[in-house]
**Student:** 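Following this message is one structure expressed as structure tokens.
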Amino acid sequence: MFAVAIDGPAGAGKSTISRAAAKEIGFLYVDTGALYRAVAYDILKNRIDPTDQKAVCERLSAIEVHFGYEGKEQQVYLNKENVTDKLRTPQVSAAASLVSAIGPVRQFLFSQQQDIARENNIIMDGRDIGTVVLPNAQVKIYLTATTEERARRRFDELWKKGESVSFQAVLSDLIKRDENDMNRKVSPLRQAPDAIVVDTSKMDLAQSVQAILTIIKKKIGQGTK
Ligand code: DC
């Protein structure tokens, strides 16, 4: 199986770019952030404080989270309910960043990320894919963009969805998430030593997808030696 690991900070365009690239080469796209978001969604729904590590860990035994696919579109199930459409709110984003810093939460979600890579050609995005989940991925990409540009994209996305947020609020949420994701003790966001950096600050979507595809196709062309 061929695995492409794409890591990088929030709002770098990982999911949009990865999904489009996967479609182009017929790979399965796996968004691992959705698993952390599903746990966060459950925690908020049950009125548990996402910074209360003990309470979050205790809740894990009552949660079952798994991926499913409708065609090539990833769905996420929480205790058999399809929660895919409920996971992309600012509240869930902030809580996902907090619960993902808890070691047992990461262990809880670890094996299914590896299992899906064993059975499919994939593009998988997250924070620790090239460093921890798939250290042997044939291609590793660290996708990034400036903080301002990432905030601007997130702001546009939220406005298009009809959410009236201020740019300042989006920017400060993003800075907070970056800080959580990069400085946590377990599996912090890091560029893998063998990852290729792609900075999309000055690229549009088509150019970003092309940049990723060029890297992947080159590697496929070389075989896996
Ligand atoms: O990629 P995303 O924004 O949907 O991720 C939501 C949160 O989940 C993010 O703040 C960090 C965490 N996450 C993680 O720790 N490891 C991953 N592989 C994916 C996401």
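Just follow the structure's listing: the first ligand is 1, and inside any ligand the first atom is 1. In this chain, residues are counted from 1 in sequence order.
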**Student:** If only atom types and distance count, is the side chain of Lys14 paired as donor or acceptor with the main-chain N or O of Gly8 below 3.5 Å?
**Tutor:**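 Checked: pair present.
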**Student:** Hey, is the main chain of Ser15 close enough, under 3.5 Å, to the side chain of Asp125 for a donor-acceptor pair?
**Tutor:**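 Yes: the side chain of Asp125 pairs with the backbone of Ser15.
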**Student:** Could you tell me whether some N/O pair between Lys14 and ligand 1 is separated by less than 3.5 angstrom?
**Tutor:**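 So ligand 1 has no N or O lying under 3.5 Å from an N or O of Lys14.
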**Student:** Please check: side-chain N/O of Lys161 versus main-chain N/O of Thr89, any donor-acceptor pairing under 3.5 Å?
**Tutor:**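 Not at all, since once roles are kept as given, no pair shorter than 3.5 Å links the two residues.
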**Student:** Please say whether Asp128 places an N or O atom under 3.5 Å from an N or O atom belonging to ligand 1.
**Tutor:**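 The answer is yes, given that Asp128 and ligand 1 share an N or O pair closer than 3.5 Å.
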**Student:** Less than 4.0 Å between a side-chain N and a carboxylate O, is that true for Asp7 and Arg127?
**Tutor:**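 Salt bridge absent between Arg127 and Asp7.
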**Student:** In the protein, which heavy atom is nearest to atom 19 (C) of ligand 1, and how far is it?
**Tutor:**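 Atom 19 (C) of ligand 1 sits closest to the protein heavy atom Thr32 OG1, 3.4 Å.
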**Student:** Backbone N or O of Tyr142 within a donor-acceptor pair of the Gln191 side chain at under 3.5 Å?
**Tutor:**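 Looks like no, no N/O pair under 3.5 Å.
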**Student:** What residue and heavy atom of the protein are closest to atom 20 (C) of ligand 1, and at what distance?
**Tutor:**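 It is Gly33 CA, 3.5 Å.
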**Student:** Salt bridge check, Arg153 against Glu157: does any charged N sit closer than 4.0 Å to a carboxylate O?
**Tutor:**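 Between Arg153 and Glu157 there is no salt bridge, as every charged N stays at least 4.0 Å from the carboxylate O atoms.
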**Student:** Between the main-chain N or O of Leu87 and the side-chain N or O of Arg37, is there a donor-acceptor pair closer than 3.5 Å?
**Tutor:**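 Yes, because the side chain of Arg37 sits within donor-acceptor range (under 3.5 Å) of the backbone of Leu87.
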**Student:** Write out the residue and atom name of the closest protein heavy atom to atom 8 (O) of ligand 1, then the distance separating them to 0.1 Å.
**Tutor:**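 Looking at atom 8 (O) of ligand 1, the protein heavy atom closest to it is Tyr36 CB, 3.6 Å.
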**Student:** Can you find an N or O of Asp181 that's nearer than 3.5 Å to an N or O of ligand 1?
**Tutor:**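 So ligand 1 has an N or O lying under 3.5 Å from an N or O of Asp181.
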**Student:** Side chain or backbone of Arg127 under 4.0 Å from ligand 1, or both, or neither, by non-hydrogen atoms?
**Tutor:**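 It is both backbone and side chain that touch ligand 1.
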**Student:** Students should be able to answer this: which protein heavy-atom is nearest to atom 7 (C) of ligand 1, and at what distance?
**Tutor:**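 Closest protein heavy atom to atom 7 (C) of ligand 1: Ala96 CB, 3.8 Å.
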**Student:** Is a donor on one side and an acceptor on the other found under 3.5 Å between the side chain of Asp181 and the backbone of Ser100?
**Tutor:**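 Side chain of Asp181 to backbone of Ser100, a donor-acceptor pair under 3.5 Å: no, none is there.
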**Student:** Considering only heavy atoms, does Ser97 approach ligand 1 within less than 4.0 Å through its side chain, its backbone, both, or neither?
**Tutor:**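 For Ser97, the contact with ligand 1 is made by both the backbone and the side chain.
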**Student:** Could you list the atoms of ligand 1 found under 4.0 angstrom from a heavy atom of Ser100?
**Tutor:**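 Heavy-atom distances to Ser100 below 4.0 Å select 11 (C), 12 (C), 15 (O).
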**Student:** Give the residue, atom name and distance (to 0.1 Å) of the protein heavy atom nearest atom 16 (N) of ligand 1.
**Tutor:**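 Sorting protein heavy atoms by distance from atom 16 (N) of ligand 1 puts Arg106 NH2, 3.0 Å first.
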**Student:** Looking only at protein heavy atoms, which one is nearest to atom 3 (O) of ligand 1, and how far off is it?
**Tutor:**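 The answer is Arg177 NH2, 2.6 Å.
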**Student:** To check your reading of the model: name the closest protein heavy atom to atom 4 (O) of ligand 1, its residue, and the distance in Å.
**Tutor:**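 The protein heavy atom lying closest is Arg37 NE, 2.6 Å.
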**Student:** Checking contacts here: is it the side chain or the backbone of Lys176 that comes within 4.0 Å of ligand 1, counting heavy atoms only? Could be both or neither.
**Tutor:**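 Neither; nothing of Lys176 gets under 4.0 Å from ligand 1.
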**Student:** To the nearest 0.5 Å, what is the distance between CG on Leu171 and CZ on Arg150?
**Tutor:**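 If I round to the nearest 0.5 Å, the distance is 9.5 Å.
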